[in-house]
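Working notes, beginning with the structure itself.
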Amino acid sequence: MTIDMKDIVALCKRRGFIFPASDIYGGLNGFWDYGPLGVELKNNLRDLWWKAMVVTPPIGPDGTPVQIVGLDSAIIQNPKAWVASGHVGGFSDPMVDCKETKKRYRADHIYVYILKRPDDKRDVLENIEEFFSEMPVYLGFVEGTEPEVIAKKYDKIYQKTFENFEKIDKPRQEKEYHPVELSKISSKFLSQIVGPDTKSPGTLTEPKEFNLMFDTYVGATQSEDSKAYLRPETAQGIFLNYKNVLDSSRVKMPFGIAQIGKAFRNEVNPRNFIFRSREFEQMEMEWFCHPEEVEKWRDFWFDERVKFWRAVGLASDNLQMRKHGDDELSHYAKEGLGTSDIEYKFPFTDPDFGELEGIAHRCDFDLTAHQEHSGQKLEYLDPARDNERYMPHVIEPAAGLTRGTLALICEAYTVDEARPSGVYLNFHPALAPKKAAILPLTAKEEHAAPATKLYLELREEFAVDLDIKQNIGKRYARQDEIGTPYCFTIDNDTLEDGTVTVRDRNTMAQERISMDKVAEYLREKMKANAGGLKAAA
RNA sequence: GCGGGUGUAGUUCAAUGGUAGAACGUCAGCCUUCCAAGCUGAAUAUGCCGGUUCGAUCCCGGUCACCCGCUCCA
């Protein structure tokens, strides 16, 4: 049975998991808001990650717990940080697309060759308008194209374009080609320009800025000097604080710094609900180690991270591991061990998979770059290795918190025609936004009063709901739809013998337990069902 | 960014160039001893802007958003 994403999106809105951002204004492409239940779910996943990384980090290969400390760095950093990281330089150039070949060029790499006779003394750039009115078509070439190739293509295109080519070309028998950068030519002439890899004019789009970082300005005045960026990844904040952490927290190589937070990318094309959005949340850990140990730690962290995703409920075949091909490696991972992804089969990627987490070997790219740009020494003096001085290498497990939340919802979404709601969310109890609902069988005081008492007791320890109104079936159904694993129902027997009914979300089975054992019951169920997770709380 | 599609209540759907309906959900009340029961009542919608028209939710244009396929994803 294939699950329709539309149904999931509808449920998310209907029950308060995820809303379109600025909904009442018609939304905003690439932005989503997390509703009352969505934020609980997301926080639960976030807290479990933090616990697995920072509070109780795993036991390392040598049998002792590894060292990881936390961090929460600013979203806006000195813009030089993004120059050093490579985010500013390589990706801020205006790009031109060819509609026909779908190729993409840097606008300053394409030259349009204007034809003129040697005796024509006009300056090409200053009289560009005249030149374009004299000849209907000029040709663009990528920087460095051989003159012979240019001449040949001109002959070919002109012969094809004009039946009376000879007549037109006659006065230009002696001609010169004058290259002009495409970015210097008004876009109104694009319809007269033939792209480098095509034969007909007008296929090139207007040059577009292609920097995926959001700009902002620090301070009251807006100028180039005050320009800054919203971070496109949380990782750099970790590298920027690497030295501070080392100097203040007594960690030794190898160790990790973990951070959870928002990141922003001005995606060309946000898609697929919250999967690719412009504002999203990352859970990243940078693991610093000696260059010789990267392989060991890469394998270690990959296993740990797979365990984590399985433990939070992605235990099915929908989870897959995949190594990046050389052609898709990031600038920082071109050397070294590359990147391996943990991927999830979302309904919208099915039968393919979408990235949930990447475990990358970032080499010493970032620290070296920041050392160069900042002038600060970032090498590590390792007393455990005879005071060897080296630049640590980094293994980075970088997970998407918002993507993970979406995967949890997709995985939990279970169609069941047999039950009144027709669907339920099969969340792991540790992840469920509500752990239990307290339901008096009727709204009468004799049921409502003990239910309220139980609710007040349980809410000290668990996220629980008290729901008194409407008939019991409706209330069960509502809890099914939001994925509450347990419902405790107070009825007449409760008054007699102090027991309540426990109703299990997945099986709909019921059993009676003593009311004063409910907290303990819940505690044990959470633990028993927690799989590889440590208790959630 | 390109091509295609879709926008009506919270959700899923009707209908119409002339007063926009339903189901479910929500809320209020009654009822109710375990799975959206029953009764009564209530609130809530034509994405936005413009054009054509006596009159537009419907026709046209633009825009925004969502979906599908490509592209992109440092």
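Every chain is numbered from 1, with letters handed out A, B, ... down the list of sequences.
- Rounded to an integer number of Å, the gap from CG of A:N266 to C1' of B:G1 is 13 Å.
- A:R475 places a side-chain N or O within donor-acceptor distance of the main-chain N or O of A:L441, the cut-off being under 3.5 Å.
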Which atom pairs link the protein and nucleotides 37-46 of chain B when you take only N or O atoms and keep those under 3.5 Å?
from: B:A37; atom 1: OP2; to: A:N471; atom 2: ND2; distance (Å): 3.4
from: B:A37; atom 1: OP2; to: A:K474; atom 2: NZ; distance (Å): 3.3
from: B:A37; atom 1: N7; to: A:N471; atom 2: ND2; distance (Å): 3.1

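- Taking atom C1' on both B:A15 and B:A20, the two are 7 Å apart, rounded to the nearest angstrom.
- When the C1' atom is used for both B:G4 and B:U12, the distance is 24 Å, rounded to whole Å.
- Nearest heavy-atom pair, A:V464 versus A:Y455, reported as atom, atom and distance to 0.1 Å: O-CE1, 3.5 Å.
- For B:U26, one of the phosphate oxygens OP1 or OP2 lies less than 4.0 angstrom from a side-chain nitrogen or oxygen of A:Q470.
- The gap from the C1' atom of B:G47 to that of B:C54 amounts to 27 Å, rounded to the nearest Å.
- Heavy atoms only, all atoms of each residue included: A:R419 and A:R503 are closest at NH1-NH2, 4.1 Å.
- Following rounding to the nearest Å, A:D491 (CG) and B:C35 (P) show an atom-to-atom distance of 12 Å.
- Under a 4.0 Å N-O distance rule, the pair A:E40/A:K434 does not qualify as a salt bridge.
- Residues satisfying the side chain to side chain donor-acceptor pair (under 3.5 Å) test with A:W287, not counting sequence neighbours, are none.
- Nucleotide B:C35 holds its P atom 10 Å from the CZ atom of A:R503, rounded to whole Å.
- In this structure, CD1 of A:I468 is placed 15 Å from C1' of B:A28, rounded to the nearest angstrom.
- Atom C1' of nucleotide B:A36 and atom OH of A:Y424 are separated by 17 Å, given to the nearest angstrom.
- A salt bridge does not link A:D317 to A:K345: none of the charged side-chain nitrogens sits closer than 4.0 Å to a carboxylate oxygen.
- Taking atom CZ of residue A:R15 and atom P of nucleotide B:U12, one finds them 13 Å apart after rounding to whole Å.
- Rounded to whole angstrom, the span from the CD1 atom of A:I8 across to the P atom of B:U12 amounts to 13 Å.
- Residues passing the salt bridge (Lys or Arg N to Asp or Glu O under 4.0 Å) test with A:D364: none are found, sequence neighbours excluded.
- For A:W309, the side chain to side chain donor-acceptor pair (under 3.5 Å) partners are A:E357, not counting sequence neighbours.
- Computed from coordinates, the A:D493 CG to B:C34 P distance equals 11 Å when rounded to whole Å.
- The same atom, P, is picked in B:C48 and in B:A42; the two are 27 Å apart, to the nearest Å.
- In this structure, A:Q479 reaches neither bases nor backbone, as no heavy-atom distance under 4.0 Å exists between it and the strands shown.
- Going from the P atom of B:G3 to that of B:U16 covers 32 Å, rounded to whole Å.
- Contact annotation for A:R419: no contact, since no heavy-atom pair falls under 4.0 Å across all strands.
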**OP:** Would you sketch RNA chain B in dot-bracket for me? Only Watson-Crick or G-U wobble pairs with both distances under 3.5 Å count, crossing pairs as [ ], other-strand pairs as |, the rest as dots.
**Re:** (((((((..((((....[..)))).(((((.......)))))....(((((..]....))))))))))))....

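- With respect to A:E281 and A:R46, no salt bridge is recorded, no charged nitrogen being found less than 4.0 Å from a carboxylate O.
- Relative ring orientation between A:F346 and A:Y344 is described as perpendicular, the plane-to-plane angle rising above 60° on a 0-90° scale split at 30° and 60°.
- Atom P of B:C2 sits at a distance of 25 Å from the matching atom of B:U8, rounded to the whole Å.
- OP1 or OP2 of B:U26 lies within a sub-4.0 Å distance of a side-chain N or O belonging to A:R478.
- Ring-plane geometry between A:W32 and A:F273 is classed as perpendicular, the angle between the planes exceeding 60 degrees on a 0 to 90 degree scale with a lower cut at 30.
- Note: A:F214 and A:F264 have perpendicular aromatic rings, judged against thresholds of 30 and 60 degrees for the angle between ring planes.
- Between A:D491 and A:R512 a salt bridge is recorded (basic side-chain N to carboxylate O distance below 4.0 Å).
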Subject >> Protein-to-nucleotide contact annotation, 5' to 3' order, nucleotides 63-69 of chain B [B base; S sugar-phosphate only; - none; under 4.0 Å, heavy atom] >> reply: -SSSSBB

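- Nucleotides B:U53 and B:G29 have their C1' atoms positioned 48 Å apart, rounded to a whole Å.
- Here, B:U40 and B:C24 have their P atoms 13 Å apart, quoted to the whole Å.
- Nucleotides of RNA chain B nearest to A:K469 and A:G473 differ in position, and the one nearer the 5' end is that of A:K469.
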